[in-house]
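Below is one structure; the comments refer to it alone.
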Amino acid sequence: MNIFTVNDRVVTTGFAYYEKNVPMGEKGTIVKIRHRYSGTPNAYNQYKVAFDKTEYKTDLDNLDNLYDKSHIELTN
């Protein structure tokens, strides 16, 4: 049940799961989807965002910049 897909352009409307380094209103691209608790009633996705500003750059495989569906919105 993906709300977003890889390569969607998004803007932050809240903070990431594990840190608050990126302010609200920053634009980026979804580069990875982390599926949590698949096959259970508690299943959900975390969306890894690569931001346009290089100051928010992070490694693709770490837990920085992972967002809940309610903390990002589609943008151009």
Do the non-hydrogen side-chain atoms of [X] and [Y] ever get within less than 4.5 Å of each other?
{"X": "His35", "Y": "Ile33", "result": "yes"}
{"X": "Leu66", "Y": "Lys32", "result": "no"}
{"X": "Leu63", "Y": "Arg34", "result": "yes"}
{"X": "Asn62", "Y": "Lys48", "result": "yes"}

ask   = Would a hydrophobic clustering, with Ile, Leu, Val, Met, Phe, Trp and Tyr connected at side-chain separations under 4.5 Å, put Met24 with Val49?
value = no
ask   = Are Val31 and Ile72 in one and the same hydrophobic cluster, where Ile, Leu, Val, Met, Phe, Trp and Tyr link if side-chain heavy atoms are under 4.5 Å apart?
value = no
query = Mind checking whether Tyr44 and Tyr37 have parallel, tilted or perpendicular rings, split at 30° and 60°?
reply = tilted
Over all heavy atoms of both residues, which pair between [X] and [Y] is shortest? Give the atoms and the distance, please.
{"X": "Val10", "Y": "Ile30", "result": "CG1-CD1, 3.9 Å"}
{"X": "Glu19", "Y": "Asn65", "result": "OE2-N, 3.1 Å"}
{"X": "Ala43", "Y": "Ser38", "result": "CB-CA, 4.2 Å"}
{"X": "Phe51", "Y": "Lys27", "result": "CD2-O, 3.4 Å"}
{"X": "Tyr18", "Y": "Gln46", "result": "OH-NE2, 3.4 Å"}
{"X": "Asn76", "Y": "Arg9", "result": "O-NE, 3.9 Å"}

ask   = If you measure from CG on Leu74 to CG on Asp8, what distance do you get to the nearest 0.5 Å?
value = 5.0 Å
note = Exactly one of Tyr67, Phe4, Tyr17 clears ring pair (Phe, Tyr, Trp, His ring centres under 6.0 Å) with Tyr47, and that residue is Phe4
request  = Walk me through it: do Asp68 and Ser70 pass the test side-chain hydrogen bond (donor to acceptor under 3.5 Å, both in side chains)?
outcome  = CA-CA 5 Å; Asp68 179 79; Ser70 63; 2.5 Å; yes
ask   = Donor-acceptor pair, Thr12 side chain versus Glu26 backbone, under 3.5 Å?
value = yes
